[in-house]
Amino acid sequence: MSVGIDEISFYTSNYYFDLRTLAEVQNTDTEKYYQGIGQEKMGMAAPDEDVVTMAANAALPLVERVGTDAVSTLLFATETGIDQSKSAGIYVHRLLNLHENCRVVELKQACYSATAALQMACALVARQPEKKVLVIASDIARYDLDSPGEATQGCGAVAMLVTANPRLVEIEPEVGNYAEDVMDFWRPNYRTTALVDGKYSTKIYLKSLKKAWEHFREASSLAFNDFGHFCYHLPFGRMAQKAHQHLAKVNQAGLDADQVEAQIADTLHYNRTIGNSYTASMYIGLTSLLENCKHNLAGSRIGFFSYGSGCVAEFFSGKVVDGYEKHLHREAHSQMLQARTEVDYARYLELYRYPDPRDGSDNEIEAVTTGRFRLAAIRNHKREYIAV
Ligand code: CAA
């Protein structure tokens with residue numbers, strides 16, 4: 001019996017900000033962002049959107065197909081938590097009308113926790129193959145204005161249904177891990193934006209890749225050339241390109257630059273216009289690969305490198321299942337991205353500076369999102385989510 005990803009769906013805000021506009025305001029060359037960072041646009045959450053509403057939107061098509069009673073566990077990965085105690089997943093549980101016997105928990109380790117959730121989901125299903133586990137990763141990436149990180153903001157959520165005999169990707173049990181206590185990127189409880197040592201974070205990312213890969217090689221008989229494609233954590237597209245060049249070099253793969261690029265190119269399309277979605281980003285990258293690769297991927301092996309600052313990293317592998325292309329949400333994703341509205345610099349600042357509803361005051365929140373769920377108000381310190 002195999003275990004893995006049976007279905008995958010993602011969601012991002014209906015607003016985006018083009019990095020060309022940011023470059024104009026900053027008097028910077030647009031190509032620094034479009035090419036140097038590898039990003040064109042970033043998703044900007046509406047005032048009435050957060051990790052909960054995005055997560056529910058991402059998961060809705062999956063739950064509509066299998067039925068609300070089919071999900072036995074909901075694992076919610078995020079580093080943009082909305083409560084120190086209550087799991088964001090509990091709100092999603094209600095919005096999606098999941099069964100009262102469904103287990104719900106939130107996981108955190110920067111951008112890595114979705115991978116922990118996926119591995120835990122696989123372990124649960126391996127133990128009870130009749131169960132279906134819903135893994136959701138949802139984040140809003142925020143850095144200080146006028147900081148080097150500003151161009152790498154974004155938002156998005158991804159939902160994956162993990163089952164026995166999955167229809168999309170079988171996740172293989174061998175993994176390579178690396179962990180080290182470092183301060184490359186973090187967000188203390190009193191801050192709404194992340195602190196980051198940018199250049200250092202990119203070095204630690206590459207070091208973790210090499211270490212996790214070496215550990216994976218001890219656990220698995222697979223070598224670099226056994227993989228057709230690679231999905232990397234995507235803080236920005238250029239980071240994945242650098243990482244993959246690094247891995248190819250470490251392995252003396254004997255590929256030319258175009259061949260190396262071709263192994264990751266299709267993972268980058270969606271993130272290029274969404275921006276960083278932290279925990280969700282690598283899995284939105286996987287969706288991009290499955291939905292945009294021109295050749296049939298059935299039987300092809302994918303290498304995954306998941307990185308969470310602080311830091312925890314994991315390299316693992318998956319095999320694409322025959323007939324996977326029949327079970328994707330390609331059309332819905334494409335329509336969602338095309339229907340987005342661009343915001344100008346003034347509106348970008350407004351969205352960025354929207355009063356922080358975590359200051360303890362009561363707030364009615366204006367109805368803005370075009371999504372199916374919204375944060376309608378915060379009253380008496382309670383978040384009020386509704387379906388629209
Ligand atoms: N045309 C084309 N390219 C240009 C250019 C132009 N006109 N101007 C500059 N560039 C290139 C630069 O040469 C550089 O390329 P190389 O890296 O290949 O040298 C690239 O554009 C970026 O330029 P800078 O290095 O000057 O960029 P910066 O210092 O302003 O910002 C950064 C880069 C520090 C990574 C910043 O984006 C940042 O802090 N980002 C947030 C942190 C982050 O994402 N870290 C990644 C690892 S941590 C992680 O993965 C977890 C997570 O999700 C955050």
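We count ligands from 1, going down the list as the structure has it; atoms in each ligand are counted the same way.
- Under the 4.0 angstrom criterion, atom 29 (O) of ligand 1 counts as having a protein heavy-atom contact.
- For ligand 1, the atoms closer than 4.0 angstrom to any heavy atom of Y205 are 50 (O).
- In the model, Y352 has no side-chain atom that pairs as donor or acceptor with a side-chain atom of E150 under 3.5 Å.
- Of the options K32, M282, K203, the smallest heavy-atom separation from atom 6 (C) of ligand 1 is shown by K32.
- Close contacts of ligand 1 with F236, meaning ligand atoms under 4.0 Å from a residue heavy atom, involve 35 (C), 43 (C), 44 (O), 46 (C).
- With ligand atoms numbered from 1 in the order given, ligand 1 contributes 48 (S), 49 (C), 51 (C) to contacts under 4.0 Å with heavy atoms of S309.
- The nearest protein heavy atom to atom 11 (C) of ligand 1 is closer than 4.0 Å.
- Aromatic ring centroids of Y205 and H246 lie 6.0 Å or more apart.
- Among all non-hydrogen protein atoms, the one lying nearest atom 52 (C) of ligand 1 is H233 NE2, 3.5 Å.
- Ligand 1 places these atoms under 4.0 Å from at least one heavy atom of S201: 42 (C), 43 (C), 45 (N), 46 (C), 47 (C), 48 (S).
- For ligand 1, the polar-atom distance check against Q35 finds no nitrogen or oxygen pair separated by under 3.5 Å.
- Judged by distance alone, the side chains of T152 and N276 never bring a donor and an acceptor atom under 3.5 Å apart.
- Under the 4.0 angstrom criterion, atom 34 (C) of ligand 1 counts as having a protein heavy-atom contact.
- A cation-pi contact, defined as under 6.0 Å to the ring centre and within 45° of the axis, is absent between K211 and F315.
- Counting protein heavy atoms only, atom 40 (N) of ligand 1 is closest to T152 OG1, 3.6 Å.
- Contacts of P148 with ligand 1, taken as heavy-atom pairs under 4.0 Å, involve both backbone and side chain.
- R301 and E172 are joined by a salt bridge, as a carboxylate oxygen and a charged side-chain nitrogen come within less than 4.0 angstrom of each other.
- Using a 4.5 Å heavy-atom threshold, the side chains of T273 and Q39 count as separate.
- The shortest distance between side-chain heavy atoms of S72 and R103 does not fall below 4.5 Å.
- Considering only non-hydrogen atoms, atom 16 (P) of ligand 1 lies nearest to K242 out of E150, R238, K242.
- Nearest to atom 38 (C) of ligand 1 among the protein's heavy atoms is G149 CA, 3.8 Å.
- Taking every heavy atom of F185 and a limit of under 4.0 angstrom, the matching atoms of ligand 1 come to 54 (C).
- Taking atom 15 (O) of ligand 1 as the reference point, the nearest protein heavy-atom neighbour is G36 O, 4.2 Å.
- What sits closest to atom 7 (N) of ligand 1 on the protein, heavy atoms only, is D29 OD2, 2.9 Å.
- Between the side chains of D184 and Y307, at least one donor N or O lies within less than 3.5 Å of an accepting N or O.
- The ring of F227 has its center closer than 6.0 angstrom to the ring center of F230.
- Distances below 4.0 Å separate heavy atoms of Y143 from the following atoms of ligand 1: 41 (C), 42 (C), 54 (C).
- No side-chain heavy atom of V169 sits less than 4.5 Å from a side-chain heavy atom of V321.
- Near Y307, meaning under 4.0 Å from any of its heavy atoms, are these atoms of ligand 1: 48 (S), 49 (C), 50 (O).
- Counted by atom type alone, E291 and Y270 present one or more donor-acceptor pairs between their side chains at under 3.5 Å.
- Remark: the T369 side chain and the D48 side chain contain no N/O donor-acceptor pair separated by less than 3.5 Å.
- The atoms of ligand 1 that sit less than 4.0 Å from any heavy atom of G198 are 34 (C), 39 (O).
- Selection from E79, Q241, M239, K199 by nearest heavy atom to atom 25 (O) of ligand 1 gives K199.
- Considering backbone and side-chain N/O atoms, D184 never comes within less than 3.5 Å of an N/O atom of ligand 1.
- A cation-pi contact links R347 to Y15, judged by a cut-off of 6.0 Å to the six-membered ring centre and 45° from its axis.
- Using modelled atom types and a 3.5 Å distance limit, the side chains of E49 and S13 yield a donor-acceptor pair.
- One option in I204, I37, V196, T202 has a heavy atom closer to atom 42 (C) of ligand 1 than any other, and that option is V196.
- Of the protein's heavy atoms, E31 O, 3.4 Å lies nearest to atom 2 (C) of ligand 1.
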